[in-house]
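The next block holds one structure in the form of structure tokens; read it before the comments.
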Amino acid sequence: MNNLHLAVQFFLQLAVILLFCRLVGAIALRLGQPQVVAEMLAGVLLGPSLFGLLWPEAQHWLFPWDTTQQMRDTQSYLFPASQLGLALYMFIVGMEFRVDIVQRRLKSSIAVSLAGMVTPFGLGAGVAWILFHQTDLFPKKTSLAEAMLFLGASMCITAFPMLARIIHFKKLTGTTMGTVALGAGAIDDATAWCLLAIVLASFEHNWSRALVNISGGIGYVAFTLLIVRPVLVQAKAWLVEDGALTEAGLVVGLALMLLGAWFTDLIGLHAVFGAFVMGAAMPRGVVARDIVARIQPLTVALLLPLFFTYSGLNTKISLLNTGFLWLMCGAILVAAVVGKGVACWVAARATGIANREALGIGTLMNARGLMELIIINIGLQRGIISEGLFATLVIMAVITTLMASPVFERLVGTGTHQPLPEPHTDSPAELGRIH
């Protein structure tokens, strides 16, 4: 396809994606599900799992897709556009992230994070050991250690971008529950990506990759929070004019976000972490407020649905076609819920958080969402897992995400938790206390 054909196809796809996401969203809202869950389901339904199954010719015409990537098709533009939407959204989440609450509840955040990593990783590794010896769900070239590390990392994943949107939907932004869950989710996902780097390094016999991934991530966080943020605070006079962010200030913020996303993607840690950390480094007050106000509507309404659609177009639930695979899917689902949801609830309670808030944290942390789909798509593309195991993990990701909202309403309820007062953090003195 030439550039003109790609542009024509892109405009039509955009219209279909946006309208279909809103249609599914209207139905999901009646069932108590947030728009973000509807977008995840809409992406899967537009792919080979339903649309491609019922009307394959029309699905291929609307979304021409070459899995070998030897021709220019939908992937040529949908992937970078979807990554831009995801990065912009996580930049917004970073600017709304309450570092002061994490500091106040640092013990809880660390405990929930550790529980949300260690327990599901152990259960996932155990399930992988059984599957490796009793089934052919792992290809022969995958070693036992790689299988255990990969499935353990898959169980550790929290739907970080989706978690952020659910927290916004439930009006939990700035609350202890929402901030502890976001902080723990960020740590868990970063750790899971480091584990994936180790698996890929072993699989490709390239250990320098894992070293760059882990050390680069730590260096990026330190540089952004200890150097970039203080410089931005000092430069506020050039970013703000007459009580509002200037156009130059908006461009600087967006450019820094893009550089952060570029760097973390370059080292294999994924763009979401670079964008999120850069958002957390933005000065609070006018700067963060105006950047969010200017970019949030277009990001949420137009760009973010592209991310869910792209992931859905890679997903084939129809591969789950035997009773044994459904049994394995059930075992993986139970291990995922116990390892993540229950363990995080226990950890939150053990560190002094009230039972209702602890239940909310456990429920939110249990949602896997499309971060799970990203990591298992990588595993499938690299040949670490089979298509059958991929399908079981897709089902687990979908069910744990669908569970989050109704279980949260049942155990916790919405609208009962008020955000804590936010300190003024634009001054260097306050900056020193917060960071």
Side-chain angles (χ1 to χ4, degrees), residues 10 13-14 17-18 21 25 34-44 46-47 74-97 157-169 173 182 185-186 188-190 192-193 196 217 220 224 253-282 291-292 294-315 367-378 381 397-398 401:
F10 184 48
Q13 289 171 347
L14 271 179
I17 290 168
L18 296 183
C21 282
Q35 176 66 27
V36 63
V37 174
E39 289 167 3
M40 181 189 78
L41 291 175
V44 174
L46 284 172
T74 298
Q75 296 177 91
S76 303
Y77 50 80
L78 196 57
F79 178 74
S82 70
Q83 295 303 293
L84 174 61
L86 184 59
L88 279 169
Y89 184 72
M90 294 314 298
F91 183 51
I92 294 168
V93 172
M95 285 184 284
E96 295 178 340
F97 187 65
I157 281 287
T158 296
F160 190 35
M162 190 166 286
L163 174 63
R165 291 205 67 188
I166 292 174
I167 285 172
H168 179 78
F169 177 78
T173 303
L182 266 182
D188 283 7
D189 279 12
W193 281 97
L196 177 63
Y220 171 76
T224 304
L254 291 175
L256 287 172
M257 180 278 295
L258 292 169
L259 287 172
W262 163 77
F263 180 75
T264 50
D265 232 355
L266 184 67
I267 63 174
L269 197 56
H270 206 281
V272 297
F273 298 106
F276 173 76
V277 173
M278 192 60 72
M282 289 291 113
I291 292 178
V292 171
R294 293 191 193 186
I295 68 175
Q296 187 175 44
L298 193 65
T299 298
V300 172
L302 176 63
L303 294 175
L304 199 57
L306 300 183
F307 165 70
F308 296 106
T309 301
Y310 178 82
S311 296
L313 291 172
N314 272 309
T315 303
R368 298 315 197 283
L370 287 176
M371 287 302 285
E372 176 78 14
L373 294 186
I374 291 173
I375 197 171
I376 63 178
N377 267 289
I378 292 173
Q381 291 164 6
V398 171
T401 305

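Bear in mind that the values here come from a model prediction, so they are computed numbers and not experimental data. All values below come from the heavy atoms of this structure, side chains included, with hydrogens, waters and symmetry mates left out.
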To the nearest 0.5 angstrom, please state how far the [atom1] atom of [X] sits from the [atom2] atom of [Y].
{"X": "Leu306", "Y": "Leu18", "atom1": "CG", "atom2": "CG", "value": "7.0 Å"}
{"X": "Ile295", "Y": "Ile92", "atom1": "CD1", "atom2": "CD1", "value": "4.0 Å"}
{"X": "Phe79", "Y": "Phe307", "atom1": "CZ", "atom2": "CZ", "value": "9.5 Å"}
{"X": "Leu259", "Y": "Tyr220", "atom1": "CG", "atom2": "OH", "value": "8.5 Å"}
{"X": "Thr224", "Y": "Phe273", "atom1": "OG1", "atom2": "CZ", "value": "14.0 Å"}
{"X": "Arg368", "Y": "Ile375", "atom1": "CZ", "atom2": "CD1", "value": "11.5 Å"}

With a 4.5 Å cut-off on side-chain heavy atoms, are [Y] and [X] touching?
{"X": "Pro80", "Y": "Leu84", "answer": "no"}
{"X": "Leu86", "Y": "Leu304", "answer": "yes"}
{"X": "Leu256", "Y": "Met282", "answer": "yes"}
{"X": "Val272", "Y": "Thr264", "answer": "no"}

Considering all heavy atoms of both residues, which atom of [X] and which atom of [Y] are nearest to each other, and what is their separation?
{"X": "Phe91", "Y": "Gly253", "result": "CZ-O, 3.5 Å"}
{"X": "Ala261", "Y": "Ala87", "result": "CB-CB, 4.2 Å"}
{"X": "Pro305", "Y": "Thr299", "result": "CD-O, 4.4 Å"}
{"X": "Leu303", "Y": "Gly85", "result": "CB-CA, 3.5 Å"}
{"X": "Val292", "Y": "Met95", "result": "CG2-CE, 3.7 Å"}
{"X": "Met257", "Y": "Leu88", "result": "CE-CD2, 3.3 Å"}

| query | Under the 3.5 angstrom rule, does the side chain of Glu372 hit a backbone N or O of Ala367 as a donor-acceptor pair? | reply |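 It does not hold such a pair.
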
| message | As a quick check of understanding, evaluate side-chain contact (heavy atoms from CB on, under 4.5 Å) for Tyr77 and Gln13, giving each step before the final call. | response | CA-CA 11 Å; Tyr77 50 80; Gln13 289 171 347; 2.7 Å; yes

